[in-house]
> 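Got a structure for you, questions after.
The figures that follow rest on heavy atoms only: side chains count, while hydrogens, waters and symmetry mates do not.
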Amino acid sequence: MSTKTILAVDDEPHILELLQYNLESAGYEVVKAETGEDAMNYIENQSYDFAVILLDWMLPGIDGIEVLKRIRMNERYRNVPIIMLTAKSDEISKVVGLEIGADDYLSKPFGVHELIARMKAVMRRSGGVQPVTSSEQEEIIKIDSLVINKTRRTVEVDGKSVDLALKEYELLYLLAKNKGIVFTRENLLEKIWGYDYLGETRTVDVHVRNIRKKIEKDDTSPVYIKTVRGIGYKFG
C-alpha cells in the first residue's frame, strides 16, 4: 500500500461508499471497516502504511473512542493522524476525543472538500519519522531536564521517555523552539493545524493541558509552558 492509503471506519455503508468514491477520485487508496473490531484487525494484524485514519465515534461493539485508545497504544500506528467523524457536535465530546489523542474532529454531515482539506493539513503536519544515519546531525532542544529530539521526534524528561500525540509534540516543539515568544491561540491553531479551524481555540487549551500533565512535575504550576493571560501561551 502507498503512503496515501486511508483507513475509513464507519458503520454506515453509504458513508463508506461516499468516502471511498471521493477519496479515490482525489488520488487516495481506501481501506474500509464497518466495525471497531474490523478496524483493529487492520491495525493489529496487517501491515498497511496508513496516512490518515477516519474514525467514526458511534460504532457497534468496540466504539470509536476505544479504537482510538488502542491505536494510540499500538507502536506502529500510534502517531498516525486520526480524524474523528461523528454526529456528536457538543464541546464536551470534542474535548474527550482530543484529550484521548484525536488530531482533528469533523461533525456529520460534513463536506468532502473540507474533509480532504483537513486530511491534507494533518498529513502535512505529521511528516513522518525517518531513520537517522550516523552521518546526520540530530536537532535537539534541551531546557533543564526536558530534551526534545526533532530528528527522532522524541521527548524526554529527567531521562525518561514521554509519549506525546502528534499535535502535542508539534505544539511543544514550536513553543520550545521559540522560547519566550508569546503565541496567541489563533496563531497556534494556524501554525499547528494549518488552517483557521473555525475559531475553536479550545483545542489549543486541551492540548496544552495534556502536554503539561506529561512533562510537568506539577501541571497546576507549570514551569515550561506558561499561560499569558488574555493572549495565549509561551515557553518559560
Side-chain angles (χ1 to χ4, degrees), residues 72 78-79 81-84 89-107 114 117-129 137-236:
R72 289 304 181 224
R78 66 202 296 176
N79 293 320
I82 297 176
I83 300 177
M84 298 294 290
S89 59
D90 59 282
E91 183 181 22
I92 293 177
S93 297
K94 294 181 180 181
V95 170
V96 169
L98 292 170
E99 286 187 330
I100 292 174
D103 295 282
D104 205 345
Y105 193 108
L106 200 55
S107 298
E114 181 182 4
R118 295 196 179 205
M119 282 174 42
K120 289 180 178 178
V122 296
M123 284 190 288
R124 184 170 62 248
R125 298 296 175 180
S126 67
V129 181
Q137 183 177 2
E138 297 181 3
E139 183 177 346
I140 296 174
I141 297 175
K142 188 176 187 305
I143 302 173
D144 296 331
S145 61
L146 174 67
V147 179
I148 304 171
N149 188 317
K150 184 178 186 296
T151 309
R152 297 182 181 275
R153 221 228 72 170
T154 59
V155 176
E156 293 183 355
V157 177
D158 292 326
K160 296 180 180 179
S161 178
V162 177
D163 187 16
L164 296 180
L166 176 63
K167 292 299 184 218
E168 294 170 0
Y169 171 81
E170 292 176 351
L171 185 55
L172 175 62
Y173 176 78
L174 175 65
L175 291 171
K177 185 178 181 181
N178 297 278
K179 183 179 179 182
I181 296 177
V182 178
F183 289 88
T184 65
R185 290 173 174 82
E186 290 78 10
N187 194 217
L188 291 171
L189 281 171
E190 180 182 354
K191 289 183 175 295
I192 300 301
W193 278 263
Y195 54 93
D196 186 9
Y197 208 70
L198 305 179
E200 296 181 0
T201 55
R202 172 69 171 164
T203 301
V204 174
D205 298 331
V206 170
H207 281 73
V208 168
R209 184 165 69 246
N210 288 344
I211 296 170
R212 284 172 171 168
K213 289 178 180 178
K214 295 176 181 180
I215 69 172
E216 300 281 1
K217 292 182 179 179
D218 179 5
D219 61 285
T220 64
S221 182
V223 173
Y224 296 113
I225 300 180
K226 300 284 191 177
T227 300
V228 181
R229 191 176 301 276
I231 301 177
Y233 298 97
K234 69 175 182 178
F235 204 89

> Taking C-beta and beyond as the side chain, do Leu166 and Arg153 meet within less than 4.5 Å on heavy atoms?
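A side-chain contact under 4.5 Å exists here.
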> Calculate, to the nearest 0.5 Å, the distance between atoms NZ and CG belonging to Lys234 and Leu175 respectively.
11.5 Å
> Any non-hydrogen side-chain atom of Phe183 less than 4.5 Å from a side-chain atom of Leu174?
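With C-beta onward as the side chain, the pair touches.
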> Starting from the C-alpha separation in whole Å, work towards a yes-or-no answer on side chain to side chain donor-acceptor pair (under 3.5 Å) for Asn149 and Thr154.
CA-CA 5 Å; Asn149 188 317; Thr154 59; 4.6 Å; no
> What is the minimum heavy-atom distance between His207 and Ala102, and which atoms define it?
NE2-O, 4.3 Å
> Are Asn79 and Tyr169 packed together at the side-chain level, in the sense that at least one heavy-atom pair is separated by less than 4.5 angstrom?
no
> Hey, does Phe235 have a side-chain heavy atom less than 4.5 Å from the side chain of Ile225?
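Heavy-atom side-chain distance check passes, below 4.5 Å.
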> How long is the gap from CG on Asn187 to CD1 on Ile231, to the nearest 0.5 Å?
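Taking CG in Asn187 and CD1 in Ile231, the distance rounds to 12.0 Å.
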> Are the side chains of Asp158 and Lys217 in contact, using a 4.5 Å heavy-atom criterion?
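Of all side-chain heavy-atom pairs linking Asp158 with Lys217, at least one is under 4.5 Å.
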> Any donor and acceptor pair, going by atom type alone, linking the side chain of Asp144 with main-chain N or O of Leu146 inside 3.5 Å?
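Checked: no pair found.
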> What's the verdict on side-chain contact (heavy atoms from CB on, under 4.5 Å) for Arg118 and Glu114, showing C-alpha distance, side-chain angles and the deciding distance?
CA-CA 6 Å; Arg118 295 196 179 205; Glu114 181 182 4; 2.8 Å; yes
> Would you check if Leu171 and Lys167 make a side-chain contact, meaning some heavy-atom pair closer than 4.5 Å?
no
> Before you tell me yes or no, could you show the steps for Lys120 and Asp104 under salt bridge (charged side-chain N to carboxylate O under 4.0 Å, His left out), namely the whole-Å CA-CA distance, both residues' side-chain angles and the distance that decides it to 0.1 Å?
CA-CA 12 Å; Lys120 289 180 178 178; Asp104 205 345; over 6 Å; no
> Hey, what do you get for CD (Glu168) to CG (Asp163), rounding to the nearest 0.5 Å?
8.5 Å
> Distance check, rounded to the nearest 0.5 Å: Lys214 atom NZ versus Asp219 atom CG?
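The CG atom of Asp219 is 12.5 Å from NZ of Lys214, to the nearest 0.5 Å.
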> How long is the straight-line distance from CD of Glu216 back to CZ of Arg209, given to the nearest 0.5 Å?
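The CZ atom of Arg209 sits 14.5 Å away from the CD atom of Glu216.
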> Less than 4.5 Å apart, any side-chain heavy atom of Arg185 and any of Asp205?
yes
> If you define the side chain from C-beta out and look only at heavy atoms, does anything of Thr227 sit under 4.5 Å from Tyr233?
yes
> Could you grab the distance from atom NZ of Lys150 to atom CD1 of Ile141, nearest 0.5 Å is fine?
9.0 Å
